[in-house]
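I have placed the structure first, in the form of structure tokens, so that the comments after it can refer back to it.
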Amino acid sequence: MGALNTFPLSYKVQGKRIVIIGGGDEALNKARLVTKTTAQVVIISRQIEADFSGFEVEVIQRAFRPADLDNAALVFVAEEGADAELAKNEARSRGIPLNVVDVPPECDFYTPSIVERAPLTIAISSEGTAPVLARLVRARIEAMLSPGFGKIAGLAGGLRQRVEHLIQDGPARRRFYEALVTSPRVEAAVAISAIAGQSEAEALLERHVSEGSGQGAVWLIGAGPGSEDLLTLRAQRLLQEADVIVHDQLVPGVVVDMGRRDAERIDVGKAKGHHSFSQAQINTLLVRLAREGKRVARLKSGDPMVFGRAGEEIAALRQAGIVYSIIPGVSAALAAAADTATPLTLRKVSSGFVTATAHGADDADLTHWSALAQSGLTLALYMGKSIASDVAARLVAHGASATMPVGIVVNAGRPDMKTYSGNLQSLIESDVTFADGPAIIFVGEAVAAGDWANGAQLAARSFKVA
Ligand code: SAH
């Protein structure tokens with residue numbers, strides 16, 4: 001004997017009525033759910049209190065009549081009283097499945113949480129006992145499936161006969177369908193229009209028939225600052241679809257672990273016992289993997305387009321004719337601003353912010369930045385931790401005010417985040433040893449508006465060399 005007291009099934013409601021007795025919020029909740037179907041949804045109550053105007057429903061304000069259940073596939077009772085009792089009895093005597101909202105013993109069926117990508121439906125049921133758990137699971141599944149997934153599933157259905165005719169080999173057919181539901185090109189086309197999706201799907205089919213294999217692709221994915229919950233939903237989904245994950249050293253293990261369990265992982269920051277890969281080697285690697293038909297997640301810290309050498313990788317992919325797309329991520333400066341509640345732009349104080357690399361900055365850069373900082377822009381300097389006091393000294397030498405506020409965030413967006421604050425002068429004089437990890441240096445008047453109280457204050461050395 002099994003363990004389930006209910007049995008999940010897909011019940012036909014097309015051409016029938018779904019009747020909801022009640023006019024309040026609970027009736028509205030059910031309406032929201034059942035208007036996902038093509039059934040005719042009818043709301044009946046003497047008191048209509050909720051606003052049903054956003055839904056395709058027929059609202060009838062009067063007492064319940066037995067004939068209301070003619071041609072009904074399902075009945076929901078979402079109010080109490082004489083009408084409700086009458087409707088329950090009528091549904092039961094007609095054998096129409098009945099749901100009495102929040103009264104499980106009176107229900108013939110429960111409504112699952114639904115992830116809808118018509119015609120694909122995923123229903124999550126806890127037999128009415130753990131709705132919170134069901135909603136959590138639902139949120140995870142939502143994140144896994146692109147919004148256009150159902151349309152792509154529809155495309156697959158429409159192509160079925162041609163695919164069977166054109167691709168005889170079973171595994172090859174399966175590879176085509178896998179490519180279809182995960183192709184970034186088809187996904188992008190479906191988002192534009194059904195016709196665009198159709199023609200992209202047909203092009204993919206032609207390529208499969210002529211080449212006999214799936215086409216690879218490279219996704220340049222922003223991993224964010226290093227916490228798994230600062231990934232975008234799209235990044236998370238593509239990490240689940242990738243065959244290979246190529247990542248930098250700056251992307252922490254917890255984020256790399258978000259990928260599909262059996263995906264191959266290549267750390268181009270430190271290949272076991274070897275030197276790290278050169279940029280040219282990474283470019284070649286990406287092209288080779290894609291040519292082998294693999295879907296490659298090129299995972300970069302923060303946002304791929306900010307100090308990520310994305311430009312070189314994109315040029316190589318373009319030149320090789322490889323399909324690619326870019327998924328943005330939370331750049332370190334933005335995570336650092338969030339951690340310290342520092343508004344990078346602030347009315348009347350800072351009219352913008354500049355991201356720049358402190359590494360290798362020459363005198364011309366420094367003159368430029370000190371002018372920008374003096375003019376009220378916030379500087380967000382990347383790759384500057386080891387040379388922080390030197391950069392501060394040179395900014396002052398090039399005209400920045402020594403009292404200009406400074407804030408430094410090490411490991412922004414991560415559990416081990418640490419902050420330091422002061423001004424250019426105290427940064428020059430401080431002998432602080434920063435915590436391990438990557439850092440962002442903020443310089444500008446707006447920095448003083450942030451919340452730096454929980455961090456270390458940069459202080460001048462206890463003794464000074466005259
Ligand atoms: N593409 C990345 C930047 C890569 S360059 C992004 O958009 O964030 C590497 C530099 O980024 C580091 O030297 C450091 O300045 C910064 N950085 C990356 N991750 C960081 C983090 N979690 N906290 C603070 N700075 C970080």
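We count ligands from 1, going down the list as the structure has it; atoms in each ligand are counted the same way.
Short contacts between ligand 1 and A439, defined as distances under 4.0 Å to a heavy atom of the residue, involve ligand atoms 14 (C), 15 (O), 24 (C), 25 (N). Set against the non-hydrogen atoms of S331, the atoms of ligand 1 under 4.0 Å away are 6 (C), 7 (O), 8 (O). The ligand atoms of ligand 1 that sit less than 4.0 angstrom from a heavy atom of P225 are 22 (N). Proximity to A412 (heavy-atom distance under 4.0 Å) selects the following atoms of ligand 1: 21 (C), 22 (N), 23 (N), 24 (C). Close contacts between ligand 1 and N411 involve ligand atoms 22 (N), 23 (N) [criterion: under 4.0 Å to a heavy atom]. Within the listing of ligand 1, atoms 24 (C), 25 (N) sit less than 4.0 angstrom from a heavy atom of I440. Near F307, with a cut-off below 4.0 Å to any heavy atom, the atoms of ligand 1 are 4 (C), 5 (S).
Side-chain atoms of Q236 and Q240 form no donor-acceptor pair, as typed in the model, at a separation below 3.5 Å. In the model, T378 has a side-chain atom that pairs as donor or acceptor with a side-chain atom of S350 under 3.5 Å. Inspection of the Y324 and R318 side chains reveals an N or O donor paired with an N or O acceptor under 3.5 Å.
When every heavy atom of A31 is checked against every heavy atom of F55, the shortest pair comes out as O-CD2, 4.5 Å. The shortest non-hydrogen separation linking P147 to R117 is O-CD, 3.7 Å. The minimum heavy-atom distance linking G437 with K385 is given by the pair O-NZ, 2.8 Å.
A donor-acceptor contact shorter than 3.5 Å is absent between the side chain of D248 and the backbone of K300.
More than 12 heavy atoms of other residues, nucleotides or ligands sit less than 6.0 Å from atom CZ of R32. Around the CD1 atom of I195, the shell of radius 6.0 Å holds no more than 12 heavy atoms that belong to other residues, nucleotides or ligands.
Here the protein heavy atom with the shortest distance to atom 3 (C) of ligand 1 is V306 O, 3.5 Å. Nearest protein heavy-atom neighbour of atom 24 (C) of ligand 1: P438 O, 3.3 Å. Looking only at heavy atoms of the protein, atom 9 (C) of ligand 1 is closest to L250 CD1, 3.6 Å. At the shortest separation from atom 10 (C) of ligand 1 among protein heavy atoms lies M383 CG, 3.7 Å. Residue, atom and distance of the protein heavy atom nearest to atom 17 (N) of ligand 1 are A332 CB, 3.4 Å. For atom 16 (C) of ligand 1, the closest non-hydrogen atom on the protein side is Y382 CD2, 3.7 Å.
At a heavy-atom cutoff of 4.0 Å, ligand 1 is contacted by the side chain of R414 but not by its backbone. Only the backbone of V409 comes within contact range of ligand 1, with a heavy atom under 4.0 Å; no side-chain atom does.
At a 3.5 angstrom cut-off on N or O pairs, S301 counts as close to ligand 1.
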Open item on the list: Show, in sequence, the C-alpha distance, side-chain angles and deciding distance for R260 and E241, and conclude whether the salt bridge (Lys or Arg N to Asp or Glu O under 4.0 Å) test is met.
Closed with: CA-CA 7 Å; R260 213 179 70 202; E241 289 174 10; over 6 Å; no
